[in-house]
Amino acid sequence: MGNFPEAGAVARIRLFASSNAWIEGAATRQLDQLAGRPDMLAVAGMPDLHPGHHAPVGSAALARGRVFPDVIGTDIGCGMQFWSLDLPERRLKLDKAVERMAVLEGAWEGNAAALLDEHGLPLDFAASLGTVGGGNHFCELQAVEEIFDPATAAQAGVVAGGLSLLVHSGSRGLGPAVLAHHHVDGTGGLPLEGAGMDYLADHDLALRFARLNRQVIAGRALQALRTEGEERIDNPHNLAERQGDLVLHRKGAAPSDRGLVPIPGSRGSVTYLVEPLPAPPDALASLAHGAGRKHDRASMLGGKRQVASNLDRLTRNPYGGHVICTDRQLLLEEAPEAYKDVTKVVADLEAEGLVRVVAILRPVLTFKTARMKREQGRVKR
DNA sequence: ATGTGC
């Protein structure tokens, strides 16, 4: 890493976003507060920056000798996993796929406890291994919209007429349990020597659980689609990474040092497959992890955004694809207009010299949830 | 985000 200020000095703050980026004052204030934490050396904001609980989502923060569990938050290890499928788009029967993909709602039929045991992972949350979860999580079948660099795209198995799968999920119950176990009041974090290392050990288990969870989800989706495929990319965006006595925190920031990165927008928009470029040290080896929220969940439920009368639209996408989501409230919270324009977010990353676009993928079938909630039909307004 | 309420 480059020359960062010494401990006690003000951390360097760098925002990788143009005036086109929709960045709230609350988010930049959170970025300032993050920079003001003890032993913080540098902080980077990405164009998807938006307010989070204890730190802004879309940020990276480098500290010396200290880790801040509350910055990583509850969903430790949450990230994107990208698979290429053997099934060509022309052979997909969409109606059948919509029907069969709903299997993801139930528990995995495999032996979760045995698999976790094999991986040396705790069994406490075996029941949710292989399930997507809530919030912004999804499992999405995607088709190729455009390829800009065929040779690089082929590295991720992206070829014209092909299909891919993008899984966005995390460590389910394990991440929140780890955070609760190592909870610290205030913004001081944990010293790396001692309590900080204990946190990181448990954090690493959640990181591995999250990746395995995405693999099981993908395996179930492939089975539902009666095809096979290959895991090409796994890119976690909520994690702490120890580098000697430094700790790099990523809160909704995609690592740029692990190959190609999928950057999804909303469930009504395309996903960009990008190649990270050699970046200045103050980018903290990070990229935007998605479009980022434009409006918080609560404001999407107020009826002010004129989406309530148009719920049917939200279970389809502008590309003729389907969204499986039987939860009305989640459908409103996750409406495309709740998100920034991913095209602008990626344009900012390009303008900052951080990435090159390799391909654009379009949503064909998105699984969110097939569960029928009891309060179904009762949306607060 | 969350075995998603007490």
Side-chain angles (χ1 to χ4, degrees), chain A residues 27 30 48-59 68-81 104-109 112-113 116 121-139 167-184 199 202-203 205-214 216-217 235-240 249-254 264 266-267 289-293 295-298 300-301 325-334 338-339 367-376 378-380:
Chain A
Q30 284 186 339
D48 57 339
L49 197 80
H50 62 277
H53 273 270
H54 296 102
V57 181
S59 67
F68 301 93
D70 67 306
V71 170
I72 306 306
T74 54
D75 198 2
I76 301 164
C78 180
M80 301 290 168
Q81 191 171 97
L104 289 179
E105 184 56 43
W108 179 39
E109 55 282 4
L116 289 167
L121 292 168
L123 307 182
D124 312 54
F125 302 95
S128 41
L129 187 72
T131 58
V132 169
N136 56 4
H137 290 172
F138 60 80
C139 174
V167 179
H168 178 204
S169 189
S171 51
R172 308 294 279 110
L174 183 55
V178 168
L179 181 63
H181 189 253
H182 296 273
H183 178 257
V184 274
Y199 164 75
D202 286 346
H203 157 284
L205 294 176
L207 203 65
R208 289 168 46 218
F209 184 107
R211 181 179 176 183
L212 186 62
N213 184 41
R214 290 187 284 272
V216 175
I217 292 166
N235 190 279
H237 51 231
N238 281 347
L239 71 160
H249 303 71
R250 292 191 183 91
K251 174 62 177 175
S266 73
R267 292 316 93 229
H289 78 312
R293 285 199 84 88
H295 304 295
D296 63 35
R297 295 179 180 282
M300 294 307 296
L301 302 177
C325 184
T326 52
D327 180 339
R328 289 184 58 168
Q329 180 172 320
L330 185 59
L331 212 45
L332 291 171
E333 290 174 357
E334 291 289 305
Y339 283 86
F367 176 85
K368 292 284 293 176
T369 180
R371 183 183 160 198
M372 285 304 196
K373 289 179 75 176
R374 237 173 280 124
E375 61 274 12
Q376 196 71 200
R378 207 152 50 78
V379 176
K380 246 188 217 174

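Below, each value reflects all heavy atoms present in this structure, side chains not excepted, and no hydrogens, waters or symmetry copies. Treat the numbers as computed from the prediction; the structure is a model and nothing was measured. Letters A, B, ... are given to chains in the order of the sequence lines, protein chains preceding strands, and every chain is numbered from 1.
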Rounded to whole Å, how long is the line connecting atom [atom1] of [X] with atom [atom2] of [N]?
{"X": "R172(A)", "N": "dT4(B)", "atom1": "CZ", "atom2": "C1'", "result": "9 Å"}
{"X": "F209(A)", "N": "dG3(B)", "atom1": "CZ", "atom2": "P", "result": "9 Å"}
{"X": "H181(A)", "N": "dT2(B)", "atom1": "NE2", "atom2": "C1'", "result": "17 Å"}
{"X": "E334(A)", "N": "dT4(B)", "atom1": "CD", "atom2": "P", "result": "20 Å"}
{"X": "R297(A)", "N": "dT2(B)", "atom1": "CZ", "atom2": "C1'", "result": "12 Å"}
{"X": "I72(A)", "N": "dT2(B)", "atom1": "CD1", "atom2": "C1'", "result": "17 Å"}
{"X": "R371(A)", "N": "dT4(B)", "atom1": "CZ", "atom2": "C1'", "result": "7 Å"}
{"X": "E333(A)", "N": "dT4(B)", "atom1": "CD", "atom2": "C1'", "result": "12 Å"}

Problem set entry | Side chain of P176(A) - closest among dT2(B), dT4(B), dG3(B) |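 My answer, after comparing the listed nucleotides, is dT2(B).
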Exercise. From the list dT4(B), dT2(B), dG3(B), which nucleotide is the closest neighbour of the side chain of H137(A)?
Worked result: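 The nucleotide sitting nearest to the side chain is dT2(B).
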Is [X] touching bases, backbone alone, or none of the nucleic acid, heavy atoms closer than 4.0 Å?
{"X": "G133(A)", "value": "sugar-phosphate"}
{"X": "G170(A)", "value": "nothing"}
{"X": "N238(A)", "value": "nothing"}
{"X": "G134(A)", "value": "sugar-phosphate"}

Problem set entry | Y339(A): ring pair (Phe, Tyr, Trp, His ring centres under 6.0 Å) partners, not counting sequence neighbours |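 None.
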For this session: Would you kindly say whether T326(A) and R371(A) are connected by a side-chain donor-acceptor distance under 3.5 Å?
Result: no
Exercise. For residues H137(A) and D75(A), is any side-chain donor paired with an opposing acceptor at under 3.5 Å?
Worked result: yes
Problem set entry | Whether H249(A) side chain and F68(A) backbone form a donor-acceptor pair below 3.5 Å |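 Looks like yes, one N/O pair under 3.5 Å.
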For this session: Taking only Lys NZ, Arg NE, NH1 and NH2, and the carboxylate oxygens of Asp or Glu, determine whether R267(A) and E334(A) approach each other closer than 4.0 Å.
Result: no
